[in-house]
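Reviewing the structure listed below.
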Amino acid sequence: MNKRSLWSGPYILWMIGFTVIPFCMILHYALTDRDGAFTFRNLLAMFEPVHLKAMTVSVEVAFFCTVICILLAYPLVIAMKRLGLFGKSYTILVLILPMWINFILRLLALQMILSNNGVLNHIFSILGLPPHELANTRTAMMIGIVYDYLPYMIVSIYNSVADIDDDIIEAARDLGAGSLTVFFRIILPLSVPGLLSGIVMVFVPSMTSFVTANIMAGGKIQLIGNIIEQEFITTMDWHLGSGLSVILMIFVLLSMAFTSRNDPDYGMSKIW
Amino acid sequence: MSDVILRLDGISKSFDGKQVINRLDLEIKKNEFVTLLGPSGCGKSTTLRIIGGFEKPDEGCVIFEGKDITALPPDKRHINTVFQKYSLFPHMNVEDNIAFGLKLKKKSRSYIKDKIEYALGLVNMDGYGKRMPMSLSGGQQQRVAIARAIVNEPQILLLDEPLGALDLKLRQKMQLELIKIKKEVGITFVYVTHDQEEALTMSDRIIVMNKGIIQQMGSSKSIYDEPQNAFVADFIGESNIIDGIMKRDCLVNIQGVDFECVDVGFGKLEPVDVVIRPEDLTIVKRGEGYLDGTVISEVFKGAFYEIVVKVSDYEWLIQSVNPAAVGSIVGLTIIPDNIQIMHKPISEDAEVIKDE
Amino acid sequence: MERLKNFISKAYIFIILLFLYAPIAVLIVSSFNDSKSRVVWGGFTLRWYRGVFESDQIMDALFTTMIISLSASLIATVLGVMAAIGISAMKKRSYKAVMAVNNIPMVNADIVIGISLMLWFIKFMPLGFMSVLLAHITFDVPYVILSVMPKLQQMNVSVYEAARDLGANAVYAFFKVVLPQLYGGILSGFFLAFTISMDDFVVTYFTKGAGVDTLSTLIYGELKKGIKPEMYALSTIIFALVLIVLIVVNIYSGKEERAVIDH
């Protein structure tokens, strides 16, 4: 340890106090019952049908939402690049400005738009299309989740595409590549770091966004986040809640290991 | 003329209202090594990018083998580029980089394999096929970039300051290799550089540009020996450029002394620019030359001495194999053949720029 | 062809922005709606705006949110800058270990962060303002470190040594030479931390206990009874303020950029 690294002392103590110890606390609760006796029951509870179903739904929803975010974000980034919007300071600001309005209020407004007598069905009726009863459905919930996390995916991919040297794209064009080849052979492989950090930033929160599920699906759909929240707030079985949280954490770590060995650096740190 | 492969016809281009190229006309012949030479911002790179298809000219057209290709995107042109920053695809190994263009053309696997082998041999990179670009030195990366362009058998190869990022020794070595590669593959090279030595070494023909206008075109020798204006004289090699007055044909007055020269056709008593190369001046004993002056500095440069002699208010630069003592008074002489007389620039555009 | 592609690009960007901003437009319209019903237009009014300043509950929550976000991001910035300087000097293995722990709050689900902190706080202190503040600092610091670290790695270390060589003591050299080079990263780290604190609901929800409310938890509490229109008014005000600030900053920095290019 040299002298300069001592500067990190206060934060390392902080991390031990507020990241490592709480982490151990949750493990402790997960592995004991109300009487303090050691048990695996809280972890195995994940395999009870209710919990298993919530977990399956969560993974499904998170998977589809992540894929939709990717499919929406890439064309946007490419369109922005086409129109020369890269490197302009307002580009990113326009994307993250909505974050300054509380997300619950934004979701409520989105719900108003999607509701049975809302703006969307109004437009549908003008266009002569049949109305869609979207409110309180799984589709509405997924629209809500995509709405929540799409900016993160866009910013992640944007940052990694911005790191690709224009010369490299021109070189590919020069060697005979058309727009599609340039995208699949050059831009996509070179923006994988941003894509991966985007996936981490969208997938994990999607699984646990219990507020979004409550608002957009009207409490009809239980994500794993809803179950955990209820164990702590309503049922007050902290041991069971901790057990499910630990399983969730393992899941998150596995998906992290699967997607990347690098920092989630591409997304948020470059916003400002 | 049937051996013209590429013609630029009245090309103009501006960025943000700033004129970069001004009605440029240019013809490039088949199998020629043409160099666009000029200071940064002179429009040479933009000219190259217009030929490559990366920029569209505001006016004028690009004619390739008799066909107008101005609107054609880069991937549809039989022209390939070697970029200044190598621009290898960082996620592909050397072989995949070289094979990129060939795979797009749906060539057979055995053809691609042979081509890679041939190209790696051509640029002296045998055995590097599986390496990633990041693990190569700058010089090696540039060799791969050249190989990647050449395997596509372009009609014209564009090179945008390809040696700019290399150190002096490697640059000199690569210059010779480029000439060798050019001979071997027999295609037209259009080369962009701001390094006059590089241009003089390699080119069949040099095009000196400044402020988006061609200042002079010609062989290395004619550009060096007979610069047509003060900009070219100053940019190509070191020169003494001094005001003179043409007394009559073959007689010019410099610093109050009449010099015999070989230039004719100037107006009587016309003010002119006189260019004299440092190596053409000879130091003689005091009173035996045209001018007398004081030696104010002497630097040994290896092959010669660089000596500065002050004559009234002008400091003459001289390259001489013999030393001269600082502070001594010497004479300067020159043979008439080596005095180059130029008209004074009329427009501001042709004025001497010393921004490098 | 080029034109068509450009048109499609513009249209696509427009559609995505419409998706992102349509709910905000609905919110803003609702804030001027004289009907308590969210779907019926009852005429234009400004009374919800007056209501914002008359509601103690909203003003309290706003005040708490601002104080917590501001102090958490300030403390996190100091802590994070020091940490980044220290961590960047570490050997590879300890560097990786510390950064791995540092990343936990960022990659983990926020519900797990909230719960683990709650379980720990309950052991030794009452849940309330302090626990929320500590929790916010905890999830803010990693973002500050991530913002500052790249600047540190770009920084020329010899500049600090040069300052010392020229007679500056360690403190002077730090404030006059090192910090100015990190300025951009520190500023963006601070704003990032502030934004994330302002927007947080889940961690606050689990660590706040009874009695303390930020805007997020207040809104969540109102969900069942129906959101008070004053909230829409407040959001509109905040949105307008942020928009103005960003536009001003943007014009200012745009001018600076141009000035740099001109020289």
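Side-chain atoms are counted along with the backbone in the values below, which use heavy atoms only and exclude waters and symmetry mates. Letters A, B, ... are given to chains in the order of the sequence lines, protein chains preceding strands, and every chain is numbered from 1.
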Quick check: are there more than 12 heavy atoms from other residues, nucleotides or ligands sitting under 6.0 Å from [atom1] of [X]?
X	atom1	value
Lys180(B)	NZ	yes
Phe184(A)	CZ	no
Lys182(B)	NZ	yes
Phe183(A)	CZ	yes
Phe63(A)	CZ	no
Glu117(B)	CD	no
Lys113(B)	NZ	no
Lys56(B)	NZ	yes

For the residue pair Pro90(B) and Leu190(A), what are the closest heavy atoms and their distance?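 Distance-wise, the nearest heavy atoms are CG-CD2, 3.5 Å.
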
Which pair of non-hydrogen atoms, one from Ser87(B) and one from Ala171(A), has the smallest distance, and what is that distance? O-CB, 3.9 Å

Counting heavy-atom pairs closer than 4.5 Å to chain A, which one of Ala149(B), Gly101(B), Pro154(B), Pro73(B) comes out on top?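 The option with the most such pairs is Gly101(B).
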
Rounded to the nearest 0.5 Å, how far does [atom2] of [Y] lie from [atom1] of [X]?
X	Y	atom1	atom2	answer
Leu175(A)	Lys103(B)	CG	NZ	12.5 Å
Phe100(B)	Arg185(A)	CZ	CZ	5.5 Å
Asp165(A)	Phe89(B)	CG	CZ	11.5 Å
Glu55(B)	Glu170(A)	CD	CD	7.5 Å
Asp167(A)	Phe54(B)	CG	CZ	8.5 Å

Which atoms of Asp174(A) come close to chain B, meaning under 4.5 Å heavy atom to heavy atom: side chain ones, backbone ones, both, or neither?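 Contact with chain B involves both backbone and side-chain atoms of Asp174(A).
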
Please classify the contact between [X] and chain A as side chain, backbone, both or neither, with a heavy-atom cut-off of under 4.5 Å.
X	value
Arg148(B)	both
Leu88(B)	backbone
Asn80(B)	both
Leu158(B)	neither

Who among Ile168(A), Thr181(A), Val192(A) has the most heavy-atom pairs with chain B under 4.5 Å?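 With the most close heavy-atom pairs to chain B, the winner is Ile168(A).
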
Full working for side chain to side chain contact (heavy atoms under 4.5 Å, CB included) between Met92(B) and Ile186(A): CA-CA 10 Å; Met92(B) 300 178 188; Ile186(A) 308 293; 4.2 Å; yes

Considering only heavy atoms from C-beta outward, does the side chain of Thr81(B) approach that of Arg173(A) to under 4.5 Å?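 They are not in side-chain contact.
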
